[in-house]
Amino acid sequence: MTEYVIIGDGISGSSAAETLREEDPESSITVITDEGEPLYNRILIKEHAKGKLPEAPISIHDEGWYEERDIDLSLNTHVTGLDTDAKTIHTHEGADISYDKLLIATGGTPTQLPVDNSDADGIHHFWTFQDARKIRESADAADEGVIVGAGLLGIDFAAVCGAQGVEGKYLMRGDRWWRYALSNEGAEIMHEGMREKGVEPVFDSGVDHFETDDDGRVVAAVDPNGDRYECDFAGVAIGLTFNTEFLGDIGLEQENGILVDEYMQTNLEDVYAAGDITRFHDVLLGERAQNGSWGSAKEQGRVAGVNMAADDEAEGFQWVSSYSITHFDFPFLSFGHPTLGDDYAERKYSDTEWRRVAFKDGKIVGGVLIGDLSPQSKFKQLMREQRVVADQKEVLLEQTVDLDNLAPPQEQ
Ligand SMILES: Cc1cc2nc3c(=O)[nH]c(=O)nc-3n(C[C@H](O)[C@H](O)[C@H](O)COP(=O)(O)OP(=O)(O)OC[C@H]3O[C@@H](n4cnc5c(N)ncnc54)[C@H](O)[C@@H]3O)c2cc1C
């Protein structure tokens with residue numbers, strides 16, 4: 001009987017456990033997490049922090065789900081070490097757990113700002129349900145907020161401020177939100193959305209240090225220009241530090257994430273990785289990539305489970321990810337790898353409608369849609385087909401995209 005051990009009960013670990021049980025009914029499966037609750041919907045915790053959604057619908061699995069599938073779930077258990085020769089992992093309680101095949105699905109932890117007082121009371125990072133509970137409570141009691149981190153997670157803090165009636169200042173380093181994926185024209189729509197929620201974007205700013213009162217509570221953020229922003233709530237979302245510290249020096253190949261092939265295999269025998277923590281071979285992009293999104297993590301977990309059970313390279317990971325934001329009156333969707341292009345096409349259609357398509361070697365590799373998401377399935381189809389279309393930008397930018405208007409695919 002094969003013994004599978006999965007570290008992490010996020011969506012990638014949990015989806016691997018479910019797949020392993022289906023693919024290998026007689027096996028032993030252990031899932032270990034340092035969180036105090038089984039899988040919940042990380043995408044929805046922002047709605048809880050906004051004060052909108054109660055806790056119950058956010059939970060995905062209760063402990064009974066694991067029992068029914070004969071999966072051994074260890075909550076509140078932090079993995080502290082891995083010995084690939086002895087094929088065991090060590091936990092903070094001093095236990096050794098042996099495995100035949102191991103999946104590392106430990107994701108990341110929000111990076112703290114390397115500035116004075118960045119751990120003061122009232123300054124929040126956002127990753128777990130516990131974080132969301134604290135953010136909800138803290139924002140509910142706050143009057144003025146500061147947000148740092150002009151990306152997909154930072155904007156959730158802006159939405160929390162907006163929904164909880166906190167007057168927010170969103171301090172951004174450059175001249176716009178998510179400057180790696182949006183031009184000024186697209187970003188301006190997002191800035192207007194923030195303003196309508198009572199959050200003011202502040203450009204060419206950031207945080208030099210935080211000020212605290214005698215009790216250690218945050219009272220202000222001071223930016224590198226010396227401008228001071230009073231706040232009793234702050235949200236920091238400047239990126240993730242991957243949870244790899246327990247790996248030590250075992251020869252596992254890493255490059256700001258664990259390197260895996262498209263079968264989710266690492267360079268070490270019987271050690272797999274899935275989810276946010278991987279830097280994987282993206283077969284559509286033709287290079288290594290990383291992907292911090294729910295759908296991608298779920299699929300990587302499933303693919304890892306299939307390959308672990310098959311003891312073979314049974315199925316490769318091939319996926320076009322998407323990430324949507326629903327905080328504003330208009331929808332927003334990023335798909336694929338919008339920041340990795342070498343060529344772009346973009347157009348504004350109205351005050352709340354904008355589109356950008358990113359190409360690499362003539363093929364679509366990602367994009368951003370604001371206001372009208374209807375072309376997404378067509379763009380994803382072209383990505384999966386790896387069709388060279390960068391020479392037909394006009395067709396791709398028509399308000400209603402009609403793939404029949406594209407020239408027939410060239411023989412490659
Ligand atoms: C606020 C927020 C909003 C988001 N919104 C969206 C969205 O709208 N759309 C979207 O697609 N994605 C969104 N994401 C990203 C998405 O949630 C992640 O990409 C996805 O959850 C990653 O899953 P994972 O299983 O790889 O990692 P995680 O969900 O991070 O799970 C890893 C688990 O491993 C545990 N762990 C780590 N180290 C150890 C250890 N040493 N021992 C034991 N356990 C350990 C962690 O505590 C954690 O429970 C959002 C994320 C956040 C935080």
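Read the numbers this way: they start at 1 and go in the same order the structure lists the ligands and their atoms. None of these values were measured; they are calculated from a predicted model.
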Practice item. Pull out every atom of ligand 1 sitting under 4.0 Å from any heavy atom of A297, numbered as shown with elements. Key: 22 (C), 23 (O), 26 (O)

Practice item. Write out the residue and atom name of the closest protein heavy atom to atom 42 (N) of ligand 1, then the distance separating them to 0.1 Å. Key: V79 N, 2.9 Å

Practice item. Tell me which part of S14 gets within contact of ligand 1: side chain, backbone, both or neither, using heavy atoms under 4.0 Å. Key: neither

Practice item. Count the heavy atoms belonging to other residues, nucleotides or ligands that lie under 6.0 Å from CD of E137, then report whether that count exceeds 12. Key: no

Exercise for review: Looking only at distances, please establish whether an N/O atom of ligand 1 is found under 3.5 Å from an N/O atom of S12.
Suggested key: yes

Check your understanding: Looking only at heavy atoms, is any part of S321 under 4.0 Å from ligand 1, and if so is it the side chain, the backbone, or both, or is it neither?
Key -> neither

Point to revise | Closest protein heavy atom to atom 49 (O) of ligand 1, given as residue, atom name and distance to 0.1 Å | key: E35 OE2, 2.6 Å

Check your understanding: Counting from 1, what ligand 1 atoms have a heavy atom of G8 closer than 4.0 Å?
Key -> 33 (C), 34 (O)

Exercise for review: Using a strict 4.0 Å cut-off to heavy atoms of G275, name the atoms of ligand 1 that fall inside it.
Suggested key: 26 (O)

**Study point:** T88 versus D96, side-chain donor and acceptor atoms under 3.5 Å
**Key:** no

Revision key, fill the gap. Near G107 (heavy-atom distance under 4.0 Å), the atoms of ligand 1 are 27 (O), 30 (O), 32 (C)

Check your understanding: Would you say S296 touches ligand 1, if touching means a heavy atom closer than 4.0 Å?
Key -> no

Check your understanding: Using a distance-only test with no angle check, is there a side-chain donor-acceptor pair under 3.5 angstrom linking T2 and S27?
Key -> no

Check your understanding: Of all the atoms in ligand 1, which lie at a distance below 4.0 Å from a heavy atom belonging to S322?
Key -> 11 (O)

**Study point:** Donor + acceptor pair across side chains of Q300, S12 (<3.5 Å)
**Key:** no

Study note, to complete from the structure: In this structure, NZ of K46 is separated from CG of D131 (nearest 0.5 Å) by 14.0 Å

**Study point:** Aromatic ring proximity Y40/H48, centre distance under 6.0 Å
**Key:** no

Check your understanding: So which protein heavy atom does atom 15 (C) of ligand 1 come closest to, and at what separation?
Key -> G292 O, 3.9 Å

Review point. With backbone taken as N, CA, C and O and side chain as the heavy atoms from C-beta onward, which portion of T33 lies under 4.0 Å from ligand 1: side chain, backbone, both, or neither?
Key: both

Check your understanding: Looking at R195 and E188, does any basic side-chain N land under 4.0 Å from a carboxylate oxygen?
Key -> yes

Review point. Which residue supplies the protein heavy atom nearest to atom 4 (C) of ligand 1, what is that atom called, and how far is it?
Key: Y323 OH, 3.4 Å

Check your understanding: Is it the case that more than 12 heavy atoms not belonging to R173 sit under 6.0 Å from its CZ atom?
Key -> no

Practice item. Answer yes or no: are there more than 12 heavy-atom neighbours, outside E35 itself, under 6.0 Å from its atom CD? Key: yes

Check your understanding: Can you check whether G295 has an N/O within less than 3.5 Å of an N/O in ligand 1?
Key -> no

Practice item. Tell me which protein heavy atom sits closest to atom 16 (C) of ligand 1, plus the residue, atom name and distance to 0.1 Å. Key: W294 N, 3.9 Å

Review point. Which option out of S334, G10, G301 puts a heavy atom nearest to atom 31 (O) of ligand 1?
Key: G10

Review point. What protein heavy atom sits nearest atom 39 (C) of ligand 1, and how far away is it?
Key: D34 OD2, 3.5 Å

Check your understanding: Judged by modelled atom types alone, do S322 and K380 share a side-chain donor-acceptor pair under 3.5 Å?
Key -> yes

Practice item. Give the ring-plane orientation class for F332 versus W178, where under 30° counts as parallel, over 60° as perpendicular and anything between as tilted. Key: tilted

Review point. Does a sphere of radius 6.0 Å around NZ in K298 hold more than 12 heavy atoms from other residues, nucleotides or ligands, not counting ones at 6.0 Å or beyond?
Key: no

Check your understanding: Hey, does E245 come in under 3.5 Å of ligand 1, counting only N/O atoms on both sides?
Key -> no

Practice item. Starting from atom 29 (O) of ligand 1, locate the nearest protein heavy atom and write down its residue, its atom name and how far away it is, to 0.1 Å. Key: R42 NE, 2.7 Å

Check your understanding: Judged by modelled atom types alone, do H337 and D282 share a side-chain donor-acceptor pair under 3.5 Å?
Key -> yes

Check your understanding: Do any N/O atoms on D156 end up under 3.5 angstrom from N/O atoms on ligand 1?
Key -> no

Practice item. Using a strict 4.0 Å threshold on nitrogen-to-oxygen distance, state whether E211 and R228 make a salt bridge. Key: yes

Check your understanding: For ligand 1, which part of L153 has a heavy atom less than 4.0 Å away: the side chain, the backbone, both, or neither?
Key -> side chain

Exercise for review: Check the side chains of R133 and Q130 for a donor-acceptor pair under 3.5 angstrom, ignoring hydrogens and angles.
Suggested key: yes

Revision key, fill the gap. Per-atom filter on ligand 1: closer than 4.0 angstrom to a heavy atom of T77 are 42 (N), 43 (C)

Review point. Heavy atom of D131 under 4.0 Å from ligand 1?
Key: no

Practice item. Tell me which part of A105 gets within contact of ligand 1: side chain, backbone, both or neither, using heavy atoms under 4.0 Å. Key: backbone

Point to revise | D204 atom CG, over 12 foreign heavy atoms within 6.0 Å | key: yes

Review point. To the nearest 0.1 Å, how far is atom 5 (N) of ligand 1 from its closest protein heavy atom, and which atom is that?
Key: K46 NZ, 2.9 Å

Revision key, fill the gap. So the atoms of ligand 1 within less than 4.0 Å of a heavy atom of H78 turn out to be 40 (C), 41 (N), 42 (N)

